[in-house]
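Below you'll find the structure, written out as structure tokens, and then a few comments.
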Amino acid sequence: QETDATLKDYVEKVKAIVGQVNTAMFSYKYKEVADNAADRNLKWNVVGFICVVVSLVICYFTFVYMSSNTNDEHFLFGAAARGVMVMIALTATAHCFNQADKQGKIERYARKIEMELIAFDTFVENLPDEEKQELKQSVVKRIFIDRDNIIDESAVNKGNTVVDLLQKILERISSIGAAK
């Protein structure tokens with residue numbers, strides 16, 4: 001009986017250690033996801049900033065062209081072509097910042113889950129077994145089953161008017177400037 005009790009203690013200790021290792025392994029994977037999303041977010045922001053610069057350069061040369069070539073027979077064609085190039089550059093800018101926003105949401109979600117997984121065992125350590133099981137079930141359900149709140153695609157696609165897109169661009173540029 002004494003050996004059985006000692007063996008049960010060892011089994012419980014091993015279960016606790018294995019549980020902590022599994023939790024650490026899961027949280028590490030979420031950390032990897034968050035880090036990768038942060039890298040993609042930065043890359044999309046850089047490309048978006050480059051698109052803004054390209055848009056501004058094209059706008060400048062369009063205004064120079066329009067002010068100096070008013071008597072040219074191909075004036076309207078040149079102005080329209082440059083206007084199309086500006087619209088393409090602005091569309092690319094808006095797309096880049098939309099993608100950066102999506103990657104930011106993925107990063108925040110993964111970091112949230114990572115922190116919950118890391119802190120969970122410590123948080124429930126002193127709770128009764130019934131409450132531990134209830135909490136574990138609710139956390140597992142929220143993380144792996146009720147995943148509707150990961151990225152709200154409908155929210156990402158709302159407000160794609162030109163004014164909203166330009167406002168997003170200006171906000172993103174000002175946030176990049178403020179971060180420096």
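Any value given below was found using the heavy atoms of this structure, including those in side chains, with hydrogens, waters and symmetry copies removed.
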So if you build clusters from Ile, Leu, Val, Met, Phe, Trp, Tyr with side-chain heavy-atom gaps below 4.5 Å, do [X] and [Y] land together?
X	Y	answer
L56	F97	yes
M87	V47	no
F49	Y60	yes
V57	V64	yes

[X] to [Y] - nearest heavy-atom pair and separation:
X	Y	result
A110	V33	CB-CG1, 3.9 Å
G104	N41	CA-ND2, 3.7 Å
S55	L90	OG-N, 3.6 Å
C51	A92	SG-CB, 3.9 Å

Roughly how far, to the nearest 0.5 Å, is [atom2] of [Y] from [atom1] of [X]?
X	Y	atom1	atom2	answer
E107	L42	CD	CG	10.5 Å
R108	I106	CZ	CD1	10.0 Å
N45	Q103	CG	CD	10.5 Å
W44	D101	CH2	CG	13.0 Å

Study note, to complete from the structure: Across all chains, not counting sequence neighbours, the salt bridge (Lys or Arg N to Asp or Glu O under 4.0 Å) partners of D35 are K31, R111
Practice item. Kindly indicate whether the side chain of Q99, heavy atoms from C-beta on, has any atom under 4.5 Å from the side chain of H95. Key: yes
Point to revise | side chain to side chain contact (heavy atoms under 4.5 Å, CB included) partners of M85, counting only residues at least two apart | key: I58, R82
Exercise for review: For V84, enumerate each residue passing the side chain to side chain contact (heavy atoms under 4.5 Å, CB included) test, keeping only those at least two apart in sequence or located in another chain.
Suggested key: I88
